[in-house]
Asks: 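Supplied in structure tokens, the structure appears directly below.
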Amino acid sequence: MADKLFGTDGVRGVANVFPMVPDFAMKLAMACAVTICTNHRKVAIAKDTRISGDMLEAALIAGFTASGIEVVSLGVLPTPALTMLTPELKVDMSVMITASHNPYHDNGIKLIGADGNKLSDAQTSRIETLVAENAFALNPDALGRVQFDNTAVARYEQKIKSLFQGSPLKNMKIVLDCANGAFAAFAPELLRSLGAEVIAIGNTPDGRNINMGCGSTATQLMQETVVSTNSDMGIALDGDGDRIIVCDEKGNRLDGDQILAFVATYLHQHNQLKANSVVATVWSNLGLEKYLQTLGIKYFRTAVGERHVTEKMREIGSNFGGEESGHMVQFDFGPTGDGLVTGITMAAGILQSGKKMSQIFPVFEKCPCEIKNLRFPNKDIIAKVLDDAMVQKVVDESAQMAQTAGGSVIVRKSGTEPLIKVRVEAENSDVVKQAADKIINKISEFM
């Protein structure tokens, strides 16, 4: 059996350490050429701003062109822009080189189908098998070429402007943190073109400062800047732009569940929430479900991962869903999470309300919940910990305890980092603390 390389969001690791090495990227491209690129024989590639993107792009191009596949290089581009534009490019697939919210020394490869959606488990499993077998037959008479397309950003901007016509953000003062990532070069001006006064931070990428002390995973700078500049709101994106975290005018940070609640309410009030349904994951707070139910909105939970959310959205006909981490998907705009589109939607809704953000948020009160990320040196250790009989026993006992208080326990490995994620939720805070402490103390014995 081939090694499992794909996590919840593609293949990811430290640049120049397997699997994020040129040889692997080249073989991955060759495997994709055999399994996916069988129609147009054409692929698009984009990347975020981290320094290792050039190396991995070159290796991917080598693998694709050696297999007779034409490559369209789009340069630096946010993930949501790539997924939105992919169906127009008439390619068999697109490849996004990014490690999303991770620091610069990490990188990753996301594989996107011709329709803009991520590849299925069956497809990635087949690709993994081919990479492991390393049996690629190259034909000297079948070589691909590379073309460079620098129009992708302008085309994405035009789509946004067509969706938000006029000046929907006029009189809004926004701090926009671009995480020194893929949105840095154009997002501030795009918001200004929609009428907003924008104070841009995290907008000077140098290849190594992506997500460094800025962006959706490090929001303190955004929060402080909002307060010091008397801004109306703060929007923090991540390195590839598919994630958003916001703060109000007082600098109070609001997580993805509050964003889900606000946007769902906004769409519901404007009769724009299809199937009257919202999709979130098991990681979202129980309070979100209770709040949406008071509005008569149907609520569905999936496993963690944006792909699971979008699959459920398509199944039930919903056009909105997301994750507590800040991935927000609005199908009316694109097939995957788009932090900028969500930020614009929120800003427009706040402006229309005539209220300050602090008068709106929190939209709902959370149920008691404790979340802990336990970091390990590598993923191999994590597998042993989660398979340990005593760990499983403690988790089962804690889960029973939480369930008696209307809650739940989740213990899972991260799909992107060497972490064990522990989440305990219940309607009783004492139960939450007791159950969480038992699990964390047991797992910590292995650290």
Asks: Indicate the ring-plane relationship of F18 and F24, choosing parallel, tilted or perpendicular according to the 30° and 60° boundaries.
Replies: perpendicular

Asks: Which distance, rounded to the nearest 0.5 Å, do you find between the OG1 of T310 and the NE2 of H327?
Replies: 11.5 Å

Asks: Taking 4.0 angstrom as the limit, do E88 and R155 come out as a salt bridge?
Replies: yes

Asks: Run the side chain to side chain donor-acceptor pair (under 3.5 Å) test against E324 and tell me which residues pass, sequence neighbours left out.
Replies: none

Asks: If we count only N and O atoms by modelled type, under 3.5 Å, do the side chains of T302 and T281 hold a donor and an acceptor together?
Replies: no

Asks: Strictly distance-based, threshold 3.5 Å: is any side-chain N or O of E70 a donor or acceptor partner for the main-chain N or O of V146?
Replies: no

Asks: Drop me the distance from M96's CE to T79's OG1, to the nearest 0.5 angstrom.
Replies: 3.5 Å

Asks: If you compare all heavy atoms of N16 against all heavy atoms of P22, which two are closest, and at what distance to 0.1 Å?
Replies: OD1-CD, 4.2 Å

Asks: With a distance cut-off below 6.0 Å to the six-membered ring centre and an angular limit of 45° from the axis, does R301 pair with W283 as a cation-pi contact?
Replies: no

Asks: Do the side chain of D92 and the main chain of H40 share a donor and acceptor less than 3.5 angstrom apart?
Replies: yes

Asks: Measuring from L28:CG to F64:CZ, what's the distance to the nearest 0.5 Å?
Replies: 7.0 Å

Asks: Could you tell me if the ring centre of F333 sits under 6.0 Å from that of F164?
Replies: yes

Asks: Looking at T217, is its backbone amide N or carbonyl O close enough to the side chain of R243 to form a donor-acceptor pair, meaning the two atoms are under 3.5 Å apart?
Replies: no

Asks: Identify the two heavy atoms, one from L288 and one from A261, that lie closest to each other, and give their separation to 0.1 Å.
Replies: CD1-CB, 3.8 Å

Asks: Do any N or O atoms from the side chain of Q223 and from the backbone of G251 form a donor-acceptor pair under 3.5 angstrom?
Replies: yes

Asks: Determine whether a donor-acceptor pair (N or O, by modelled atom type, separation under 3.5 Å) exists between the side chain of R314 and the backbone of N319.
Replies: no

Asks: Answer yes or no: are there more than 12 heavy-atom neighbours, outside K379 itself, under 6.0 Å from its atom NZ?
Replies: yes

Asks: Can a side-chain donor-acceptor contact be found between T98 and S100 if the only test is distance below 3.5 angstrom?
Replies: no

Asks: Pick from V385, L386, V391: which one makes a side-chain contact (heavy atoms from CB on, under 4.5 Å) with V411?
Replies: L386

Asks: Verify whether one side chain among Q330 and D338 offers a donor that lies under 3.5 Å from an acceptor in the other.
Replies: no

Asks: What pair of heavy atoms forms the shortest contact from P335 to V329, and how long is it?
Replies: O-CG1, 3.9 Å

Asks: Take atom CD in Q220; do more than 12 heavy atoms of anything else shown fall under 6.0 Å from it?
Replies: no

Asks: Counting heavy atoms not belonging to K421, are there more than 12 under 6.0 Å from its NZ?
Replies: yes

Asks: Using a 3.5 Å distance criterion without hydrogens, assess whether the side chain of Q147 forms a donor-acceptor pair with backbone atoms of V72.
Replies: no

Asks: Would you mind checking if K384 and D380 are paired as a salt bridge, meaning a charged N to carboxylate O distance below 4.0 Å?
Replies: no

Asks: What are the two closest non-hydrogen atoms of E417 and S414, and how far apart are they?
Replies: N-OG, 3.0 Å

Asks: Can a side-chain donor-acceptor contact be found between T265 and Y291 if the only test is distance below 3.5 angstrom?
Replies: yes

Asks: So, taking the atom named OG in S52 and the one named CZ in R208, what distance separates them when rounded to the nearest 0.5 Å?
Replies: 10.0 Å

Asks: Do K118 and E311 meet the salt-bridge criterion of a basic N to acidic O distance under 4.0 Å?
Replies: no

Asks: How many angstroms lie between CD1 in I244 and CG in L340, if you round to the nearest 0.5 Å?
Replies: 8.0 Å

Asks: Just so I know, are the side chains of C37 and M93 near enough to count as touching, which here means a heavy-atom distance under 4.5 Å?
Replies: yes

Asks: Indicate yes or no: does D121 engage R307 in a salt bridge with an N to O separation below 4.0 Å.
Replies: yes

Asks: Could you work out, with side chain to side chain donor-acceptor pair (under 3.5 Å) as the rule, every residue matching S73, not counting sequence neighbours?
Replies: E57

Asks: Between S167 (side chain) and K170 (backbone), is there a donor-acceptor pair under 3.5 Å?
Replies: no

Asks: Does N209 have any side chain to side chain donor-acceptor pair (under 3.5 Å) partners at least two apart in sequence or in another chain, and if so, which?
Replies: none

Asks: Would a line drawn from the ring center of F262 to the ring center of F361 be shorter than 6.0 Å?
Replies: yes

Asks: Evaluate side chain to side chain contact (heavy atoms under 4.5 Å, CB included) for D332 paired with F320, printing each intermediate quantity in order.
Replies: CA-CA 8 Å; D332 293 340; F320 181 58; over 6 Å; no

Asks: Hey, does L191 have a side-chain heavy atom less than 4.5 Å from the side chain of L176?
Replies: yes

Asks: Strictly distance-based, threshold 3.5 Å: is any side-chain N or O of D238 a donor or acceptor partner for the main-chain N or O of G215?
Replies: no

Asks: Which atom names give the shortest non-hydrogen contact between F376 and F446, and what distance separates them?
Replies: CE2-O, 3.9 Å

Asks: Can you list the steps and then say if V43 with V95 is a side chain to side chain contact (heavy atoms under 4.5 Å, CB included)?
Replies: CA-CA 8 Å; V43 62; V95 181; 4.1 Å; yes

Asks: Salt bridge or not for D240 and K110, using N-O below 4.0 Å?
Replies: yes

Asks: Report the C-alpha distance between R423 and C369 in whole Å, list the side-chain angles of each, state the deciding distance to 0.1 Å, and finish with yes or no for side chain to side chain contact (heavy atoms under 4.5 Å, CB included).
Replies: CA-CA 7 Å; R423 180 184 184 279; C369 181; 3.9 Å; yes

Asks: Would you name the heavy atoms of G113 and T86 that are closest together and state the gap between them?
Replies: O-CG2, 3.4 Å

Asks: Are F364 and N285 packed together at the side-chain level, in the sense that at least one heavy-atom pair is separated by less than 4.5 angstrom?
Replies: yes

Asks: Are any of the side-chain heavy atoms of L194 and I344 separated by less than 4.5 Å?
Replies: yes

Asks: Go through it in stages, so that I can follow the logic: the residues are K161 and L190, the test is side chain to side chain contact (heavy atoms under 4.5 Å, CB included), and I'd like the CA-CA distance, side-chain angles, deciding distance and then a yes or no.
Replies: CA-CA 8 Å; K161 291 177 182 177; L190 179 55; 3.7 Å; yes

Asks: Backbone N or O of D106 within a donor-acceptor pair of the R50 side chain at under 3.5 Å?
Replies: yes

Asks: Determine yes or no for a side-chain-to-main-chain donor-acceptor pair under 3.5 angstrom, with K173 supplying the side chain and T229 the backbone.
Replies: yes

Asks: Assess whether a salt bridge exists between K366 and E425, defined as any Lys/Arg side-chain N lying under 4.0 Å from an Asp/Glu carboxylate O.
Replies: no

Asks: Does some side-chain heavy atom of I174 sit less than 4.5 Å from a side-chain heavy atom of D232?
Replies: no

Asks: Are E323 and V304 packed together at the side-chain level, in the sense that at least one heavy-atom pair is separated by less than 4.5 angstrom?
Replies: yes

Asks: Does the side chain of S284 come under 3.5 Å of the side chain of D257 through a donor N or O and an acceptor N or O?
Replies: yes

Asks: Taking C-beta and beyond as the side chain, do V175 and M233 meet within less than 4.5 Å on heavy atoms?
Replies: no

Asks: With side chains defined as the heavy atoms from C-beta onward, is the minimum distance between T65 and L143 less than 4.5 Å?
Replies: no

Asks: Measure the CD1-NZ distance between I109 and K47 for me, rounded to the nearest 0.5 Å.
Replies: 13.0 Å

Asks: Is it true that S277 and S318 share a donor-acceptor pair across their side chains at a distance under 3.5 Å?
Replies: no

